[in-house]
Amino acid sequence: MEATQNKKIVLSAIQPTGTPTLGNYLGALKNWKTMSADYECFYAVADLHSITVRPEPALLRRRTLEMYALLLAIGLDPKENTVFVQSHVPAHAQLAWILNCYAQFGEAARMTQFKDKSEKHPENVNVGLFAYPMLMAADILLYQADYVPVGHDQKQHLEITRDIAERFNGIYGQTFKVPEPFIGKAGANIKSLQDPTQKMSKSDPNAKAFISMLDDADAIVRKIKSAVTDSESYVRYAEGKDGVNNLMGIYACCTGRSYEQIEQEFAGKGYGDFKAAVAEAVVEELRPVKTEFDRLIDDKAYLTACMQEGAEKASYFAGKTLRKAMKKVGFYQF
Ligand code: TYM
């Protein structure tokens, strides 16, 4: 089992913390699918990361299966790509421990996601939350990834991954590829529909603020209709028009049109027409995903077989890097 010759390597992951939003889809998953045609891709359901918020065990199990089904439903072919569940590949936790010892307390303490989550949940600031970026670095470095398709909110975690990789390579010689983030232009930072200064998040208590990837057409239309805009009523991309900019970003991602083309398309029209077009584009974008998800989720035997195959393929590649890193730090080997 060798990586296909000369293909660049891509790795990314998503937490199984609920049905992903349109933000997850346009910021990350859609690019996962596009990249799968040209790269050797490893895509994971990051269940180890998700226990930092202590989910109910049965719920975590269900969401892991659902997230896995959703990854196949967006069109990732489990034969062409390695689609796996993070906890099925023990090398992730093993390398994460090593990387913890090459990351400084100060740099991990500067992570904005750690600071935000600690502030929001002061009752559970666990060590896992703090060590989260080093586990993410392990996910990436194990596969010698060239590119990591993520949304803008993960950029800082990519930077610390690069810093740790460079530090380790500097001490022990070339061990890890230093990865580049792949952050799309339009979809990297999809905002809440109700407060477009905040990112769209599936944990938002206001369900009108986000579109879930499995929402039905009626819900999508309703939520986009009630999206916050401004009093100007011109469809144009400009500073201070966060709500309209966000809808334009969504429309651009779904249709492939540029902001200029969108401005021309809606010249002389109001926000009502614009919102109707955005809603229709989102419905059409998500319709095949939902149909395929509904079909796959009933086929647990198939999903489990794909998971097993994914875990074997991932373990093979990850094991090579893990052994190399263990040897470099001086662990005794037989
Ligand atoms: P997670 O599970 O929160 O989100 C998955 C992906 O969705 C992107 N994203 C967004 N993009 C645009 N607009 C939004 N509103 C939006 N919300 C989320 C995220 O940037 C991400 O790409 N720590 C990661 C999961 C992870 C990972 C990794 C990613 C674990 N190991 C290794 C890359 C490489 C996370 O919590 O993403």
Side-chain angles (χ1 to χ4, degrees), residues 9-33 35 41-53 55 63-64 66-67 70-71 74 84-87 89 91-93 95-96 99 111-114 116-117 128-129 131-162 164-165 179-204 209-213 242 245-246 249-250 252-253 314 318:
I9 298 173
V10 164
L11 174 125
S12 201
I14 183 164
Q15 293 194 67
T17 41
T19 308
T21 66
L22 186 65
N24 296 121
Y25 181 68
L26 298 179
L29 300 180
K30 196 169 154 71
N31 293 330
W32 294 16
K33 162 79 177 123
M35 293 176 104
C41 296
F42 295 88
Y43 295 129
V45 178
D47 57 345
L48 296 177
H49 279 103
S50 69
I51 64 165
T52 52
V53 296
R63 284 180 169 166
T64 301
E66 286 175 356
M67 184 60 84
L70 200 59
L71 295 185
I74 63 170
F84 66 103
V85 175
Q86 188 189 29
S87 69
V89 183
H92 290 246
L95 184 64
L99 299 182
M111 294 294 110
T112 48
Q113 192 161 311
F114 171 67
D116 288 352
K117 290 196 172 165
L129 195 63
Y132 184 112
M134 282 62 79
L135 177 58
M136 188 164 152
D139 299 341
I140 298 166
L141 300 180
L142 276 172
Y143 299 90
Q144 306 288 347
D146 294 279
Y147 303 115
V148 184
V150 283
H152 195 266
D153 62 333
Q154 296 299 321
K155 193 165 175 258
Q156 203 185 24
H157 289 156
L158 259 293
E159 280 158 13
I160 196 173
T161 300
R162 290 169 56 88
I164 295 170
E180 299 281 342
F182 179 92
I183 299 178
K185 245 187 178 169
N189 203 352
I190 301 293
K191 304 292 193 184
S192 153
L193 298 176
Q194 292 299 312
D195 176 1
T197 63
Q198 301 296 315
K199 86 166 181 182
M200 181 180 283
S201 162
K202 54 193 164 232
S203 55
D204 199 309
F210 62 91
I211 290 173
S212 142
M213 280 179 69
D242 296 331
N245 294 348
N246 189 39
I250 293 171
C253 283

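Just so it is clear, the model here is predicted, and its values are computed rather than measured. For ligands, and for the atoms within them, numbers begin at 1 and follow the listed sequence. For the numbers below, each heavy atom of this structure counts, side chains included, while hydrogens, waters and symmetry mates do not.
The shortest distance between side-chain heavy atoms of Arg63 and Pro55 does not fall below 4.5 Å. Contact annotation: the side chain of Leu135 approaches that of Gln86 to within less than 4.5 Å [non-hydrogen atoms, C-beta and beyond].
The nearest pair of heavy atoms linking Gly249 to Ala186 is O-CB, 4.1 Å. For the pair Asn246 and Ser192, the tightest heavy-atom approach, listed with the atom from each and the gap, is ND2-O, 4.0 Å. Nearest heavy atoms, Ile164 versus Leu99: CG2-CD2, 3.9 Å. Closest heavy-atom contact between Ala188 and Ile183: CB-CG2, 3.3 Å.
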* To do: For side-chain contact (heavy atoms from CB on, under 4.5 Å), just list the numbers for Leu158 and Met136, CA-CA rounded to whole Å, side-chain angles, deciding distance to a tenth of an Å, and then say yes or no.
  => CA-CA 9 Å; Leu158 259 293; Met136 188 164 152; 4.0 Å; yes
* Check the pair Asn24, Lys202 against side-chain contact (heavy atoms from CB on, under 4.5 Å), reporting the backbone distance first and the verdict last. => CA-CA 9 Å; Asn24 296 121; Lys202 54 193 164 232; 3.5 Å; yes
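Each of Asp204, Asp116, Asp153 was evaluated against Lys199; a single residue qualifies, Asp153, per the salt bridge (charged side-chain N to carboxylate O under 4.0 Å, His left out) test.
Distance from atom 37 (O) of ligand 1 to its nearest protein heavy atom, with residue and atom name: Gln154 NE2, 3.8 Å. Taking atom 20 (O) of ligand 1 as the reference point, the nearest protein heavy-atom neighbour is Asp153 OD1, 2.4 Å. Nearest protein heavy-atom contact of atom 31 (N) of ligand 1 is Asp139 OD2, 2.6 Å. Annotation: atom 9 (N) of ligand 1 to nearest protein heavy atom, Asn24 ND2, 3.6 Å. Among protein heavy atoms, the minimum distance from atom 28 (C) of ligand 1 is reached at Met136 CG, 3.4 Å.
Polar contact with ligand 1: absent for Thr21 (N/O pair, distance under 3.5 Å). Polar contact with ligand 1: present for Gly151 (N/O pair, distance under 3.5 Å). Here's the thing with Ile190: one of its N/O atoms is less than 3.5 angstrom from an N/O atom of ligand 1. Taking distance alone, with nitrogen or oxygen atoms compared against 3.5 Å, Lys191 stays at or beyond that limit from ligand 1. Residue Lys199 has no nitrogen or oxygen atom sitting less than 3.5 Å from a nitrogen or oxygen atom of ligand 1, judged on distance alone. At least one N or O atom of Gly23, backbone or side chain, sits closer than 3.5 Å to an N or O atom of ligand 1. In terms of polar-atom proximity, defined here as any N/O pair under 3.5 Å, Ile14 makes no such contact with ligand 1.
Interface of Ala28 with ligand 1, defined as ligand atoms under 4.0 Å from a residue heavy atom, comprises 6 (C), 7 (O), 22 (O). Annotation for ligand 1: atoms under 4.0 Å from non-hydrogen atoms of Gly187 are 12 (C), 13 (N). Residue Ser12 has at least one heavy-atom neighbour below 4.0 Å for each of these atoms of ligand 1: 33 (C). Every atom of ligand 1 is numbered from 1 in the order shown, and the set under 4.0 Å from a heavy atom of Gly27 is 11 (N), 12 (C). Each of the atoms 32 (C), 34 (C) of ligand 1 lies under 4.0 Å from some heavy atom of Leu11. Heavy-atom proximity to His49, at under 4.0 Å, picks out these atoms of ligand 1: 30 (C), 31 (N). Proximity to Ala46 (heavy-atom distance under 4.0 Å) selects the following atoms of ligand 1: 30 (C).
Taking the ring centroids of Phe114 and His157, they lie at or beyond the 6.0 Å cut-off.
Only backbone heavy atoms of Ala188 (N, CA, C or O) come within less than 4.0 Å of ligand 1; its side chain stays farther off. Of all the heavy atoms of Ala13, the ones lying under 4.0 Å from any atom of ligand 1 are found in both the backbone and the side chain. With a heavy-atom cut-off of 4.0 Å, Ile140 touches ligand 1 through its side chain alone. Residue Val148 touches ligand 1 through its side chain alone, judged by heavy-atom distances below 4.0 Å. At a 4.0 Å heavy-atom cut-off, ligand 1 touches Gln15 through backbone and side chain alike.
Ser87 contributes no side-chain N or O that, together with a main-chain N or O of Asp47, makes up a donor-acceptor pair within less than 3.5 Å. Using a distance-only test at 3.5 Å, with no hydrogens or angles considered, no donor-acceptor pair links the side chain of His92 to the main chain of Ala138. For the pair Arg162 (side chain) and Pro179 (backbone), a donor-acceptor distance under 3.5 Å is present.
For atom 24 (C) of ligand 1, the nearest non-hydrogen atom from the set Phe182, Tyr132, Tyr25, Phe42 belongs to Tyr132.
A parallel orientation is assigned to the rings of Trp32 and Tyr43, their planes being inclined by less than 30° (bins at 30° and 60°).
No side-chain donor-acceptor contact under 3.5 Å links Asp242 and Thr197.
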